[in-house]
Number of protein chains: 2
Amino acid sequence: MTVHPSRSLAERRQHAADGLSQAAEPGSGRGIPDATVARLPLYLRALAALAERKVSMASSAKLADAAGVTSAKVRKDLSHLGSYGTRGVGYDVDYLIYQISRELGLTRDRGVVIVGVGNLGQALARYGGFVSRGFRIAALLDTDPARIGDWIAGVCVSPAGDLEEVVRTEDVAIGVITTPAPAAQPVCDRLVAAGVTCILNFAPAVLCVPADVEVRKVDLAMELQILAFHAQRKGAERGSGMQLAEAVR
Amino acid sequence: MTVHPSRSLAERRQHAADGLSQAAEPGSGRGIPDATVARLPLYLRALAALAERKVSMASSAKLADAAGVTSAKVRKDLSHLGSYGTRGVGYDVDYLIYQISRELGLTRDRGVVIVGVGNLGQALARYGGFVSRGFRIAALLDTDPARIGDWIAGVCVSPAGDLEEVVRTEDVAIGVITTPAPAAQPVCDRLVAAGVTCILNFAPAVLCVPADVEVRKVDLAMELQILAFHAQRKGAERGSGMQLAEAVR
DNA sequence: CTGACTTTGTGCATTCGTTCACAAACGCTT
DNA sequence: AAGCGTTTGTGAACGAATGCACAAAGTCAG
């Protein structure tokens, strides 16, 4: 038996079919492509919907349909996590939920700090999807004295000066920026200096961060503009020959 | 009535107007890659910031810095729109703003309907970034009688039953879905049936649409989960040398 | 046990996107 | 007009992601 004694994190469950797979290093999660990581939450949502309907097993085709992707993509994506499927049968829904949750780090609750309690910040704070998925709002921060002291979704709005202390005491790993654009970079700098390594930026500004900090951005105006491009493209085709004009009934 | 109820939406985002292989026509801009289109709003924002600082010309390097991308990417992206730069000099800021705006279809104002006036819907309605970029909120729709009649950002909340009429009379091309997940697909079907060809979906649900309808999705919980993955990855490396065993090096 | 059937996991080809490197084009100076 | 420095536009190399096809591995019936 070629069992590695000091193997990667946690315990390695005995994946029965070890066979000849040596390069994959299942479960260690080292080389998961970004595109796959971005889809894991999608699968998680689809699996949760299946579990709600008391479905205990799901093939890649069924999962693909529920997630809106192709079955080949599902299989390749899941294969990066390890061999958690059974050939001829499919994937165990509950077990796969657990494995993906573990890979995403959702098994342990994570503190999130939201900086900027404007329209969007308030909406995010009240959005149930955060808390229900293991994210705890550690703090709501703002510079406006009129807002400080307000209670939103059971959390009190604190002055922005508390940022460093909150990050330290609450072990915050994720910062959400919902400030106006000019305040975004200074806030970002303070978050990074305080030890935050992952930032979700809703402000319409380009953030400059060290290489070891992960930034994801959501720009609502940008999304609309992209759609406007497609709307124009479709609209232009309407003038010439179209095969499906208003045939949708 | 839905067109393909059980149709797997495998190849939904695939056609990028490949009908005509020719893409050399600068003005028409038929074959612009999706990745480039997604960055055009980013360039637009960067250019607007430069224009505000009275910068009249900008090289690809300067633009790249302002947009947070590489200069090669800027040049290749802009080359898809046509030759709007001057060698040895750079790009004229105002002219480029006009060209990109035109390509994105922002020169003519576009009606947007927001369905679902909850936390997020309200925040979007009040978000200034929409109106300031040529998007007009044609209607706010909701099913909750308690919300109907409210005035948000100068727009009155109408009953969801008005959807078809609003889309028709206001020539709405873009629909924004901010309903709870279960209501998303029915709302989507009604939008599509009414003639909306572009949909921005904030509901945590997979939408099934005909091939000629463009859907973009923004899932806030999903973004946080992706960040959680990176947070865990970084955290594991820092805390102890569990992962990254000696095998890799 | 055998054989028919189902489904995973994965090598391979293809398509899509990014990066590199450089000739062509432009302004400016002489 | 000619030479010099700068910057664009683009072919080509490279890399990542997707789709395809099929062997391996499982279930199930008899």
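Note that the structure is predicted; figures quoted are calculated from it, not measured.
A side-chain contact (heavy atoms from CB on, under 4.5 Å) with B:Leu224 holds for exactly one of A:Leu104, A:Leu106, A:Leu200; it is A:Leu200. For the side-chain contact (heavy atoms from CB on, under 4.5 Å) with B:Phe202, the qualifying choice from B:Leu124, B:Ile114, B:Asp219 is B:Leu124, the only one to do so.
Taking every heavy atom of both residues into account, B:Tyr84 and B:Arg102 meet most closely at OH-NH2, 3.6 Å. Residues A:Glu103 and B:Phe229 share a closest heavy-atom pair of O-CD1, 3.2 Å.
Of all nucleotides listed (C:dT18, C:dT19, D:dG9), C:dT18 comes nearest to the side chain of B:Arg39.
Protein atom NE2 of B:His80 is 11 Å distant from nucleotide atom P of D:dG11, rounded to whole Å. Distance, B:Tyr84 OH to C:dC26 P: 16 Å, rounded to whole Å. Straight-line distance from the CE atom of B:Met57 to the C1' atom of C:dG27: 11 Å, rounded to whole Å. When rounded to the nearest whole Å, the span between CG of B:Leu40 and C1' of C:dG17 equals 15 Å. In this structure, the CG atom of A:Asp77 is 16 Å from the P atom of D:dA16, given to the nearest Å. Distance CG (A:Leu78) to P (D:dA17): 16 Å, rounded to an integer number of Å. A:Asp34 places its CG atom 6 Å from the P atom of D:dA17, with the value rounded to the nearest Å. A straight line from CG of B:Leu63 to C1' of D:dG9 spans 15 Å, rounded to a whole angstrom.
Among the protein residues, B:Thr70 comes within range of the sugar-phosphate backbone only, with heavy atoms under 4.0 Å from sugar or phosphate atoms but none that close to a base.
The base of D:dG19 sits within donor-acceptor range of the side chain of A:Lys76, with an N or O pair under 3.5 Å. Judged by distance alone, with hydrogens and angles left aside, B:Arg87 brings no side-chain donor or acceptor close enough to the base of D:dT7 to form a pair under 3.5 Å. The base of C:dT19 does not come close enough to the side chain of B:Lys73 for any donor and acceptor atom to sit less than 3.5 Å apart.
With contacts defined as side-chain heavy-atom distances shorter than 4.5 Å, the pair B:Tyr91/B:Lys62 does not qualify.
Across the interface with DNA chain D, nearest-nucleotide mapping of A:Thr86 and A:Pro33 shows A:Pro33 to be the residue nearer the 5′ end.
Within the structure, every side-chain polar atom (N or O) of B:Ser60 is placed at least 4.0 Å from both OP1 and OP2 of D:dT7. Residue B:Arg75 places no side-chain N or O under 4.0 Å from the OP1 or OP2 atom of C:dT18. Note on A:Tyr91: a side-chain N or O is less than 4.0 Å away from OP1 or OP2 of C:dG9.
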